[in-house]
Amino acid sequence: MTQFLNFHTHNFPPTPDEKSIYNLLIQDIGRFGEVENNWLSVGIHPWYTHPEDWQSQLTVVEQVAGHKNVLAIGECGLDRGILLPLETQLTIFKAQVTLAEQLQKPVVIHCVRAFNELLQWKKQIKPSVPLIVHGFNNKPEIMQQLLAHGFYFSLGVALLKPESNAAKVLKTIPLTRLFLENDDRDTPIEKIYEAAAVQLEIPISALKNQIWTNFATVFNQ
């Protein structure tokens, strides 16, 4: 593939030099008809959960999740930085992973200061679908724990800062477990690939090929 794979983005439409997985937020799901010809991920982000009515949100996700261009469920997950109790977040997260299991689609995970809970859940539930922590920018010790339990990692604009955790862990993440993204930033995905290739000391072409290989593995493409 000559295009860059942008694993997770909130920017639409994609640029001509990228193939992206657009994250359709629950509050924007009415736009599904507008974007359904593109690769998508769909889920309930913990920031936008309606705690008293999340089952209705899940029903809306279920209505579109089976579409062939919905490649993944998410982003969904756990976030200690919001007021919604972590126990409630975990219930909603589990429900979305159950949907992903039914559809045999990967899960894009948002996790902020809740990696212990995420790992504990993974050990207990042992889901069969691939789990990808997007926007990973945490300590090497956390990365190693997640790696030991089969997680994939998508790294983003933090790679542009050499002192970031993302830059520090990049060389220790197996290339077979790596994706790149620009999330909700304006930074072109090409710039993130350039930074990663420099830090990994490999050609951009080799990095692109590896990430497309990872994509084929995770998404059965």
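Interatomic distance, E18 CD to L180 CG, rounded to the nearest 0.5 Å: 12.0 Å. Atom-to-atom distance recorded for N69:CG and L24:CG is 12.0 Å, nearest 0.5 angstrom. Separation of atoms CG (L119) and CD1 (I142) is listed at 7.0 Å; rounding is to 0.5 Å. With values rounded to the nearest 0.5 angstrom, F12 atom CZ is found 4.0 Å from N38 atom CG. Here L131 contributes atom CG and L118 contributes atom CG; the two are 7.5 Å apart, rounded to the nearest 0.5 Å. Rounding to the nearest 0.5 Å gives a distance of 9.5 Å between CD1 of I29 and CD of Q57.
For S56, the side-chain contact (heavy atoms from CB on, under 4.5 Å) criterion is met by D53, not counting sequence neighbours. In this structure A158 satisfies the side-chain contact (heavy atoms from CB on, under 4.5 Å) test together with N137, S164, A166, sequence neighbours excluded.
Side chains of N182 and N6: a donor-acceptor N/O pair is present below 3.5 angstrom, by distance only. Between the side chains of N116 and Q120, not a single donor N or O lies within less than 3.5 Å of an accepting N or O. In this model, no donor atom of one side chain and acceptor atom of the other lie less than 3.5 Å apart for Q210 and T213.
Checked by atom type and distance alone, the side chain of K105 pairs as donor or acceptor with a backbone atom of V70 at under 3.5 Å. Not one N or O on the side chain of K168 forms a donor-acceptor pair closer than 3.5 Å with the backbone of K139. Remark: the backbone N or O of N11 is paired with a side-chain donor or acceptor of T9 at under 3.5 angstrom.
Here W121 and F93 bring their ring centres to under 6.0 angstrom of each other.
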List, one per line, each side-chain donor-acceptor pair under 3.5 Å for residues 146-155, sequence neighbours excluded.
residue: H149; atom: ND1; partner: Q145; partner atom: O; Å: 3.0
residue: S154; atom: OG; partner: E181; partner atom: OE1; Å: 2.7

Pair up each side-chain donor or acceptor in residues 189-205 with any protein partner under 3.5 Å, not counting sequence neighbours, and list the distances.
residue: Y193; atom: OH; partner: L5; partner atom: N; Å: 3.3
residue: Y193; atom: OH; partner: L5; partner atom: O; Å: 2.7
residue: Q199; atom: NE2; partner: L159; partner atom: O; Å: 2.8
residue: Q199; atom: NE2; partner: A195; partner atom: O; Å: 3.3

Pair up each side-chain donor or acceptor in residues 72-87 with any protein partner under 3.5 Å, not counting sequence neighbours, and list the distances.
residue: E75; atom: OE1; partner: H45; partner atom: NE2; Å: 3.3
residue: E75; atom: OE1; partner: H110; partner atom: ND1; Å: 3.4
residue: E75; atom: OE1; partner: H134; partner atom: NE2; Å: 2.8
residue: E75; atom: OE2; partner: H8; partner atom: NE2; Å: 3.0
residue: E75; atom: OE2; partner: H10; partner atom: NE2; Å: 3.2
residue: D79; atom: OD1; partner: G81; partner atom: N; Å: 2.7
residue: D79; atom: OD2; partner: W47; partner atom: NE1; Å: 2.8
residue: D79; atom: OD2; partner: H110; partner atom: NE2; Å: 2.7
residue: R80; atom: NE; partner: R113; partner atom: O; Å: 2.8
residue: R80; atom: NH2; partner: E117; partner atom: OE2; Å: 2.3

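Closest of all the heavy-atom pairs between F179 and F215 is CE2-N, 3.6 Å.
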Hey, mind stepping through L170 and L178 against side-chain contact (heavy atoms from CB on, under 4.5 Å) and telling me if it holds?
-> CA-CA 9 Å; L170 177 61; L178 179 66; 3.9 Å; yes
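Proximity of P106 to F219: side-chain heavy atoms (C-beta onward) are separated by under 4.5 Å at one or more points.
Pairs engaging residues 24-34 under the side-chain hydrogen bond (donor to acceptor under 3.5 Å, both in side chains) rule: Y22-R31, R31-E34 [sequence neighbours left out].
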